[in-house]
Amino acid sequence: MKVFNFGSINIDHIYRVNHFAKPGETLASDNYQMMLGGKGANQSIALARAKVLVQHIGRISFHDEWICRKLQKDGVGVYCLQHVDEPTGHAIIQVSDEGENSILLFGGANKGFTESNLAEYLSNSRPGDWLLMQNECTHTADALRLAKQHKMITALNPAPMTDEIKALPLDLVDYLIVNEIEAEQLADTEGLTRDQPEALLKHLHQHYPKMKLVLTLGSRGVMYKDATQMVFVPAQKVEVVDTTAAGDTFIGYFIQQIITGHDVKTALEVATQASAITVQSLGASASIPTLQQLIDLGAIHA
Ligand code: RIB
């Protein structure tokens, strides 16, 4: 079984700051790093480090061949990677002393997909393969429809959340992985807020009864709901350095656990442990753990 991950690739410019820059303020940073990021690339790397077969469907500039080599080195399949004239997407990320981030995103090449590209790449899938998507690329609706024509399992992480997400054929999504803010916006119901995770899940479940819903709650943990069960797993208490890519790591390891036949609770626990490792160091893809690290920690049995 293979995962096709149709997702963004960004060059992350990461600055440590003691607070986020305010309007009109010029703020100095004494720590800067440039790294591979993008929700798509991070999730592909998490999947590959978890030993899942993953093909990344993405676009980068001809000038950034290093990204292709880096993905390959991590074990990500790159035959669906286009090298184009447009600039690679990038993100300007401020990371505060509390480990919170503030991200400015430029989509660049991530915004140039066509339906025919996707049709060509997904024609290589087999029934039962997965299509994973986030919300930093164009043509997500087409990708969903094509995936279902090919009898694939679909997973959507609608981050960063935009109004376009609500117009997607969400009934074609098998696994929806959202945080509280995304869930609140998606539920779009007066009186229902991000502080009511259980009610949000029930509301989304009523609208999409076949969907498997994963609701991440940051430092509180994660909740899951489908037609037969509701599961809660608390977060781990760790020293947070940078939360960037914690969600991406979670998704990669959650899918790995489901693909390898584990129950939902185990999948949530392993994914939680993996993302707890990610938040303990600076950077996106650079801080995603390997399967071996999780085995060494006793989180996964070899
Ligand atoms: O999820 C983290 C990612 O969001 C960063 O790597 C950045 O590129 C943005 O896409």
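All figures in this text were calculated on a predicted structure; none of them were measured in a lab. Each ligand, and each atom within it, is numbered from 1 in the order the structure gives.
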Considering non-hydrogen atoms of the protein only, which is the closest contact for [atom], and what is the distance?
atom                   : result
atom 3 (C) of ligand 1 : Asn42 ND2, 3.7 Å
atom 6 (O) of ligand 1 : Asp12 OD2, 2.6 Å
atom 9 (C) of ligand 1 : Glu136 OE2, 3.6 Å
atom 4 (O) of ligand 1 : Lys39 NZ, 3.2 Å

- prompt: Just distances here: any N/O of Thr244 and N/O of ligand 1 closer than 3.5 Å?
  reply: no
message: Does any N or O of ligand 1 fall below 3.5 Å from an N or O anywhere on Ile103, backbone included?
response: no
What atoms of ligand 1 come closer than 4.0 angstrom to any heavy atom of [X]?
X      : value
Ala284 : 6 (O)
Ala91  : 7 (C), 8 (O)
Asp248 : 1 (O), 2 (C)
Gly37  : 6 (O), 8 (O)

statement: Rounded to the nearest 0.5 angstrom, the CG-CG distance for Leu71 and Leu36 is 5.5 Å
- prompt: Is there any ring pair (Phe, Tyr, Trp, His ring centres under 6.0 Å) pair reaching into residues 207-243, and which pairs are they, with sequence neighbours excluded?
  reply: His203-His207
query: Could a heavy atom of Ser8 be found less than 4.0 Å from some atom of ligand 1?
result: no
- prompt: Between Ser61 and Thr88, do the side chains contain an N or O donor and an N or O acceptor separated by less than 3.5 Å?
  reply: no
statement: Residues passing the side-chain contact (heavy atoms from CB on, under 4.5 Å) test with Asp97, sequence neighbours excluded, are Arg16, Asn18
Plane angle bin for Phe6 and Phe113 - parallel if under 30°, tilted between 30 and 60°, otherwise perpendicular: perpendicular
message: I'd like to know if the side chain of Asn179 and the backbone of Ile181 have a donor-acceptor N/O pair within less than 3.5 Å.
response: yes
query: Would you find a donor on one side and an acceptor on the other, under 3.5 Å apart, between the side chain of His56 and the backbone of Gly7?
result: yes
- request: Salt-bridge test for Asp74 and Arg69: reply yes if a basic N is under 4.0 Å from a carboxylate O, no otherwise.
  value: no
